Amino acid sequence: MQEKQICRPEEILIAGGVFFSAAGCLSGVFTSKRADFMTLVISRNFATSFCQNFLGNAPTWYKLLIVLFLISNPIVFSISPFVAGWMLILEFIFTLAMSLTCYPLQPGGLLALEAVAVGMTTPGHVFHEISENMEVLLLLMFMVAGIHFVRDLLLYVFSKVIIGVRSKLLCSLIFCVSGAFLSAFLDALTVLAVFIAICSGFYRIYHKVISQTDTNSPDDSEVYEPSRADLNRFRAYLRSILMHAAVGTALGGVCTIVGEPQNLIIGAKAGWHFGEFFMRMMPVSIPCLLIGICTCLVTEKFKLFGYGTDMPDAVRQHLKKIVDEQNAKLKDGDIAKLVVQALCCLWLIVGLAWHLAAVGIIGLTVIILSTSFCGVISESKIGKAFTESLPFCALLCVFFSIIGVIADQKLFAPIIDWVFSFQDANVRTAMLFGANGLLSSVSDNVFVGSLYINETYTALTSNIIDRDHFDMLAIAINAGTNLPSVATPNGQAAFLFLLTSGLAPLIRLSYTRMMWMALPYTIMLCIVSAVCVVWLVPDATDWLYSQGWITHHAAAAAGSVH
């Protein structure tokens, strides 16, 4: 029955047979045995093997659906490029949602390759989008690897929190507030990479105790039967503190000009420095931070939306015993390594907070310093640090291809035109906030923020709006791209990195589960931020003007970002 099921997608078999037979004819390799080769191609065994190889162990229905996407997209594109573009976005989101079934790089990459091939975008535009986001790619390549080389210190420090703090409510609050505070000054993805490294370390320690092997397999068949219930509860515990930390990065990231990449773009356009950016966003960021903390406490207290699971006592005892044993075995060389890693972390904080270099470059310096002074000089050991980040770098490049399609096909243009069609200032601000929030949930918040601030700046230079209203709209854009985007994992790079990390399948953190756990935050943050943007910000801004904490800008003060 299994062989018959695999052979059902006739389109895959025929396409594969035609491809390989054509390749054989053109290369001349099979000229002497062309008949035998063609017989092999159309044979049932070859067809079965071809289908099995296509997307590996993914379910047959998933393979058929991807093939259906690949067949239908060019047909729809020839009829309506606009509809085909939106179909591509939804299909790519589907591959992200099914990331635990199949890593999105392969199916998403096939969709992106086809989009370029049929003309939805161009290779040049894809390269442009990648070039524009090179700093993000460098961050992933070097900063995530740099965190790998200071993980011993992170485990040593946070073991005091996770093991020492028995109250799950307090531990969740610590992770949420820590994520918010650090993300106000550091990059959100870097902050979340730290928390992922910490949770991965504790999962690895416990899994090694209760399993028959040292491998961290998502399959529980290797786990001793009495420990499986505790393992599932520990997974739920790790999921919840990670999601609190992830949302915390969004709560802190909206506050300052360095919190998120789009903040820098918006601040540069508006001509705001660090202090002015913080003051102008304060009527939105502070209420949202407070409501985010309240949401964290309520979901944990009443065990809502997958939160509230305590660490099992057996897990805590195992972790405490192992950590105590490891600490007792620390030698002078181990302590020296912890000191070096602490100095590297201090340099990391200083370098990022004062923006002494690009984030990725600072990450590279962390790799060089930590490996040099900790004695890690083997290429194989260094290479392991990059196994987590490089697949995600490739996936982001595919994602930037989809962004290229959005730009070339002007998929967001009707929404932009609709927003600026409103004449009432308050209504326009509310619609701009909503449009940014909605589009950031299905696209990249950096792209959406850049797109809308450029359109708003064009409206300013065309005298459609005045400078004070431009400042109001800039606040709405920044809030809209940072806060509602927590609704989906693809809204923020940090969330997407968590979803596609090696830890996600181990703790059963899927796309839909992330959306479900983010839902209470999404609802509360959308309501509170919308109310603040529309009703609180105008009065609060007038008060800040009256106190002399911020000043009115001339239209010429706005910057230009290309």
Side-chain angles (χ1 to χ4, degrees), residues 93 96-97 168-169 172-173 175-177 179-180 183 188 192 236 239-255 259-260 262 281-309 415 419 426-427 429-445 448-449 475-492 494-496 498-499 509-537:
I93 292 175
L96 296 177
K168 174 64 184 308
L169 195 68
S172 299
L173 183 62
F175 270 73
C176 183
V177 174
S183 292
L192 197 53
R239 284 196 303 266
S240 60
I241 61 175
L242 271 175
M243 285 301 297
H244 287 312
V247 175
T249 62
L251 296 174
V254 71
C255 296
E260 290 284 352
Q262 69 269 20
M281 290 305 305
M282 191 168 58
V284 181
S285 60
I286 299 303
C288 286
L289 176 62
L290 295 177
I291 201 66
I293 292 174
C294 291
T295 304
C296 171
L297 296 176
V298 169
T299 53
E300 284 293 334
K301 178 67 176 178
F302 297 101
K303 303 183 185 299
L304 304 173
F305 295 92
Y307 295 102
T309 303
I415 302 176
V419 167
N426 288 335
V427 174
T429 302
M431 292 299 103
L432 189 63
F433 170 82
N436 273 269
L438 177 63
L439 297 179
S440 293
S441 298
V442 300
S443 179
D444 173 49
N445 57 0
V448 174
I475 294 172
I477 294 170
N478 189 65
T481 54
N482 277 283
L483 297 172
S485 58
V486 303
T488 64
N490 46 288
Q492 298 199 17
F495 280 51
L496 189 59
L498 173 59
L499 174 67
L509 187 61
S510 64
Y511 188 100
T512 51
R513 178 167 273 166
M514 282 189 72
M515 289 184 62
W516 174 249
M517 297 183 75
L519 184 59
Y521 284 105
T522 303
I523 294 172
M524 297 307 300
L525 291 179
C526 284
I527 294 174
V528 173
S529 58
V531 170
C532 291
V533 165
V534 177
W535 284 288
L536 182 59
V537 167

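Because the structure is predicted, anything quoted here is derived from the model rather than measured.
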**Request:** Please collect all salt bridge (charged side-chain N to carboxylate O under 4.0 Å, His left out) contacts where either partner lies in residues 514-533, sequence neighbours excluded, each pair once.
**Result:**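 Residue pairs passing salt bridge (charged side-chain N to carboxylate O under 4.0 Å, His left out), neighbours aside: none found.
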**Prompt:** What pairs meet the salt bridge (charged side-chain N to carboxylate O under 4.0 Å, His left out) rule with one or both residues in residues 509-532, with sequence neighbours excluded?
**Reply:**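 Found none.
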[X] side chain near [Y] side chain, heavy-atom distance below 4.5 Å:
X: V254; Y: V284; value: no
X: L519; Y: W516; value: yes
X: K303; Y: T309; value: no
X: V177; Y: L251; value: no
X: L96; Y: P489; value: no
X: Q492; Y: S440; value: no
X: F495; Y: T249; value: yes
X: I477; Y: L432; value: yes

Do you know the tightest heavy-atom contact between [X] and [Y]?
X: A245; Y: L192; value: C-CD1, 4.5 Å
X: M515; Y: A487; value: CG-O, 3.5 Å
X: A435; Y: V419; value: CB-CG2, 3.7 Å
X: G308; Y: K168; value: N-NZ, 4.0 Å

**Contacts of type side chain to side chain contact (heavy atoms under 4.5 Å, CB included), residue I93, not counting sequence neighbours** =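 Partners of I93 by the side chain to side chain contact (heavy atoms under 4.5 Å, CB included) criterion, ordered by chain and then number, come out as I89, V442, N490, Y511.
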**Asked** Listed by chain and number, what are the side chain to side chain contact (heavy atoms under 4.5 Å, CB included) partners of M524, not counting sequence neighbours?
**Response**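 So M524 forms a side chain to side chain contact (heavy atoms under 4.5 Å, CB included) with I291, T295.
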**Asked** Residues in side chain to side chain donor-acceptor pair (under 3.5 Å) with S510, at least two apart?
**Response**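 S510 satisfies side chain to side chain donor-acceptor pair (under 3.5 Å) with T512 only.
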**Asked** Got a sec, which pairs hit side-chain hydrogen bond (donor to acceptor under 3.5 Å, both in side chains) with one end in residues 519-530, sequence neighbours left out?
**Response**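 The answer is H244-Y521.
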